Structure formats: C-alpha cells, structure tokens
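Right, one structure below, let's go through it.
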Amino acid sequence: MAIIITDECINCGACEPECPNTAIYEGSETWKYKDGTNLAGNTVTLPNGEVINADTKQEPISDEVYFIAPNKCTECIGFHEEPQCAAVCPVDCCVPDEDHVETREELLAKQAFLHQ
Ligand code: SF4
Ligand code: SF4
C-alpha cells in the first residue's frame, strides 16, 4: 500500500529528505520517475502495467501541500521497517492510501524494480 499525505499537512518539509525512493515532493512541484531511482527512458513499464516516461516532468499531485507519487512509494519496504515519512511527520498526516493497496511481495518487487 502506498502512503498518502492528507490536507492536514503543515508543509514543514521534514518528510521529503527521508524518502528512500524520492517519492515525496513539495506542493505544486513537478516530479520525475527518474528522480532518486534507476528508471530511465520514455517507455518504462511499471510492475502494475502502467507505461510511463521516466525522464518527463509529471504534473504535481497537489498544489497546496506535500504529496507522494504513489507509483514510487514502497511504504519504505526494502529499506526500513516502517514508513519514514509517517515516522517523522509532526502532525501524523502520512496515512495508508486505500486507493493504492499492494501486498508486501508487490512492494518488495516494486522496490527492486525502481532501483534495479
Ligand atoms: Fe517514501 Fe517511505 Fe513515505 Fe513511501 S512510505 S513516501 S517510500 S518515505
Ligand atoms: Fe507535511 Fe508531515 Fe511532510 Fe511535514 S512531515 S511536509 S507536515 S507530510
């Protein structure tokens, strides 16, 4: 399951440097799949079957608060015992994203894929 940042976020920025997948961005920032991963090229097929361009700027998911790119979030599996964003967030607004549910095995495969 990916983690999502709710609109309770106070934009403190504490979570961003903690993400091992560079999945967290400041509100209104564009982002790329290749940031902090080994993904490259314009036709990358993700483990979920989505075909993406790793080099292209993606639109921000939120203009108001920090956001997480769900396809880059592994819930920190493969790196840490618990989601690091949730561990440092002072207002507990990094929560499980019910719209992006994945098993531990899927998250491990995703982590390996992002950093292959
Ligand atoms: Fe990044 Fe881990 Fe938070 Fe996902 S749970 S956004 S991988 S810090
Ligand atoms: Fe927002 Fe929490 Fe991240 Fe601070 S640590 S930017 S409050 S999600």
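Whatever order the structure lists them in is the order used to number ligands and atoms, beginning at 1. Just so we're clear, the structure is a prediction, and the values are computed from it rather than from any experiment.
Remark: K110 NZ to L46 CG distance equals 8.5 Å, nearest 0.5 Å. Atom CG of residue D63 and atom CD of residue E26 lie 11.5 Å apart, to the nearest 0.5 angstrom. To the nearest 0.5 Å, atoms OG1 (T22) and CG (D35) are separated by 6.5 Å. Atom CD in Q111 sits 9.5 Å away from atom CD1 in I77 (nearest 0.5 Å).
Taking a cut-off of under 4.0 Å to the non-hydrogen atoms of G13, the atoms of ligand 2 that pass are 4 (Fe), 6 (S). Less than 4.0 angstrom separates some heavy atom of V91 from each of these atoms of ligand 2: 7 (S). Counting the atoms of ligand 1 from 1 in the order shown, those under 4.0 Å from a heavy atom of P83 are 5 (S). Ligand-side atoms of ligand 2 in range of P90: 5 (S), range being under 4.0 angstrom from any heavy atom. For ligand 1 and E75, the ligand atoms under 4.0 Å from any heavy atom of the residue are 2 (Fe), 4 (Fe), 5 (S). Ligand-side atoms of ligand 2 in range of C94: 8 (S), range being under 4.0 angstrom from any heavy atom. The contact set between ligand 1 and T74, taken as ligand atoms under 4.0 Å from a residue heavy atom, comprises 7 (S). The distance from ligand 1 to the heavy atoms of I68 drops below 4.0 Å at these ligand atoms: 6 (S). Of all atoms in ligand 1, numbered sequentially from 1 with element shown, those under 4.0 Å from a heavy atom of I3 are 5 (S).
Closest to atom 7 (S) of ligand 1 among all protein heavy atoms lies N21 ND2, 3.4 Å. Scanning all protein heavy atoms for the shortest distance to atom 1 (Fe) of ligand 1 gives C19 SG, 2.3 Å. The nearest protein atom to atom 4 (Fe) of ligand 1, hydrogens excluded, is given as C73 SG, 2.3 Å; this is a heavy-atom distance. Annotation: atom 2 (Fe) of ligand 2 to nearest protein heavy atom, C89 SG, 2.4 Å. Looking at atom 8 (S) of ligand 2, its nearest protein heavy atom turns out to be C93 SG, 3.5 Å.
Close to ligand 2: I10, with a non-hydrogen atom less than 4.0 angstrom away.
Put simply, W31 and I52 are part of the same group of oily side chains (I, L, V, M, F, W, Y) that touch within less than 4.5 Å, one to the next.
Among the atoms of C76, an N, O or S atom falls under 2.8 Å from atom 2 (Fe) of ligand 1. With 2.8 Å as the limit, C15 counts as an N, O or S neighbour of atom 3 (Fe) of ligand 2.
Under the 30°/60° scheme for interplanar angles, the aromatic rings of H115 and F79 are found to stand perpendicular.
When every heavy atom of S28 is checked against every heavy atom of F67, the shortest pair comes out as N-CE2, 4.3 Å. Closest non-hydrogen pair, A2 versus P70, comes out as CB-O, 4.0 Å. What you find for Y66 and I24 is that their closest heavy atoms are CD2-CG2, 4.0 Å. The heavy-atom pair separating D55 from G41 by the smallest distance is OD2-N, 3.2 Å. The nearest pair of heavy atoms linking C93 to C89 is N-SG, 3.5 Å.
Using a 4.0 Å cut-off between heavy atoms, C85 makes no contact with ligand 2 at all. At a heavy-atom cutoff of 4.0 Å, ligand 2 is contacted by no atom of I24, backbone or side chain. By the criterion of a heavy-atom distance under 4.0 Å, the side chain of I5, and not its backbone, is placed next to ligand 2.
If you run side chain to side chain contact (heavy atoms under 4.5 Å, CB included) between Y33 and each of L114, T56, L39, only L39 comes through.
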